[in-house]
Amino acid sequence: MVKVEFLGPIKKEQMSVDVKDLKELAQLLKSDPDIKEWLKECAVAVNDNLVNSLDVELKDGDKVSLLPPVCGG
Amino acid sequence: MVKVEFLGPIKKEQMSVDVKDLKELAQLLKSDPDIKEWLKECAVAVNDNLVNSLDVELKDGDKVSLLPPVCGG
Amino acid sequence: MVEIYEGPLDIKKIFSSWYEWGKDRNFGAFITFVGIVRDEEGIEALSFEIYEPVLSRWFDRWQQKAKSRGAYIKMAHSKGDVPLHESSYAAAVFSPKRRVALELMDEFVEDFKANAPIWKYDVKKSNRIYAKERSHPIEGSGLLDI
Amino acid sequence: MVEIYEGPLDIKKIFSSWYEWGKDRNFGAFITFVGIVRDEEGIEALSFEIYEPVLSRWFDRWQQKAKSRGAYIKMAHSKGDVPLHESSYAAAVFSPKRRVALELMDEFVEDFKANAPIWKYDVKKSNRIYAKERSHPIEGSGLLDI
């Protein structure tokens, strides 16, 4: 299972899903009305590394984080 | 009389001279071997205001300062 | 390493400790940037959430970049609430020469604003409201929007 | 007003007093620049001479420029000798927003280096040697070279 966590202002508990890559995860999240709207402005980290490509395979125990728009300082 | 002072590293005591403008002062200083070499790299202040033109008349009691290359900080 | 503090930063203490750290290391230029919470739009405080694992990787990349220019970076940030006129953010650059320090500070602060994983909330009448209109999508956002 | 001190600057004290001055004035960004004497070329110290009347006029013009952008500048400088690893120069910019502060600090420090009427000497074996090759003619120099 892959753990998915939603950071900052996204009001959604983390979840465990059975997906084999980011593409599959994207399809799954699209169908969640709480999350769908956030997808276009979220960055994605796999095991705390930001990724820039959907061609990332996921294996059991991996963690995917969704990072909405930021404003530090 | 006009007071002329030499700032920073210029090894020259201040002097009082009888000149009516900066052009006349320039002529006078050119003839002083201690000063001649400094002229091309010195800025000039009249009564503590930097000036950018030779067309400045000088009157009794005015002070002219020569400011050689600087390096603060 | 990023220094994270609960609540407002003790700026004088942080500045002193950074200055002490750097003064004998033969850096000629030391620049600090401090962000102070402004009284605007009726807020009582700002509140911050930080995702530390991604923040520290982001910061480590900047430290590498600084090192390649002979410089060194420090940073402190608050989490939780920071009242008006208190400070939530501090950054420092040490460098042998001033140009590197001035340019690095500018680039670092701008990239911090754009990409550091920190979320800001306005506190109004004790409610915490996500500062959405002042927030910026991190570089590469929208990846999952297919 | 420029703060002139005999010998090295007490940087922590100066930073604290500036921060105190500015923190409740609703500036959002506070940047400081500190110049520390580097151990290089066998010097024991740097030594400074300042011509205060022209320096304060130069500074007042910068304060006006800062004011027109909603910002405020502070500056401190040493006169006399400053040993290795001590600080001789400090500048600060307060501004509501960070871009103004970052840009103003950069412009101010560069113009300071180019035009502030301060002369630097290397102290080597207790001799005071004018740092000629590191010095810059003030804007408009050469006027009397006719």
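Numbers restart at 1 for each chain; the letters A, B, ... are given by sequence-line order, proteins then strands. Excluded from the calculations below are hydrogen atoms, water molecules and symmetry mates; all remaining heavy atoms, backbone and side chain alike, are included.
Both the backbone and the side chain of D:Arg134 come within less than 4.5 Å of a heavy atom in chain B. Proximity to chain D (any heavy atom under 4.5 Å) is shown, for B:Leu22, by both the backbone and the side chain. D:Ala90 does not touch chain B: none of its heavy atoms, backbone or side chain, sits under 4.5 Å away. Heavy atoms closer than 4.5 Å to chain B are found nowhere in D:Phe33, neither backbone nor side chain. For B:Glu37, no part lies near chain D; criterion is any non-hydrogen pair under 4.5 Å. Contact annotation for B:Leu29: only side-chain heavy atoms (C-beta onward) come within less than 4.5 Å of a heavy atom of chain D. Of the two parts of D:His77, only the side chain, counted from C-beta on, holds a non-hydrogen atom closer than 4.5 Å to a non-hydrogen atom of chain B. With a 4.5 angstrom heavy-atom cutoff, B:Lys23 touches chain D via backbone and side-chain atoms both.
By number of non-hydrogen pairs under 4.5 angstrom with chain B, the leading residue of D:Lys113, D:Arg57, D:Glu49, D:Arg128 is D:Arg57. Counting heavy-atom pairs closer than 4.5 Å to chain B, the top residue among D:Tyr121, D:Tyr51, D:Trp58, D:Tyr89 is D:Tyr51.
Proximity to chain D at a heavy-atom threshold of 4.5 Å picks out B:Lys63, B:Ser65, B:Leu66, B:Leu67, B:Pro68, B:Pro69, B:Val70, B:Cys71, B:Gly72, B:Gly73 from residues 60-73 of chain B, in numerical order.
Side-chain contact between D:Lys132 and B:Glu41 is present, with heavy atoms from C-beta onward closer than 4.5 Å.
With a 6.0 Å radius and a threshold of 12 heavy atoms from other residues, nucleotides or ligands, D:Glu40 has its CD atom above the threshold. In the displayed structure, D:Lys67 atom NZ is contacted under 6.0 Å by at most 12 heavy atoms of other residues, nucleotides or ligands.
With hydrogens and angles ignored, the 3.5 Å screen pairs no side-chain donor or acceptor of B:Lys30 with any backbone N or O of D:Asp145.
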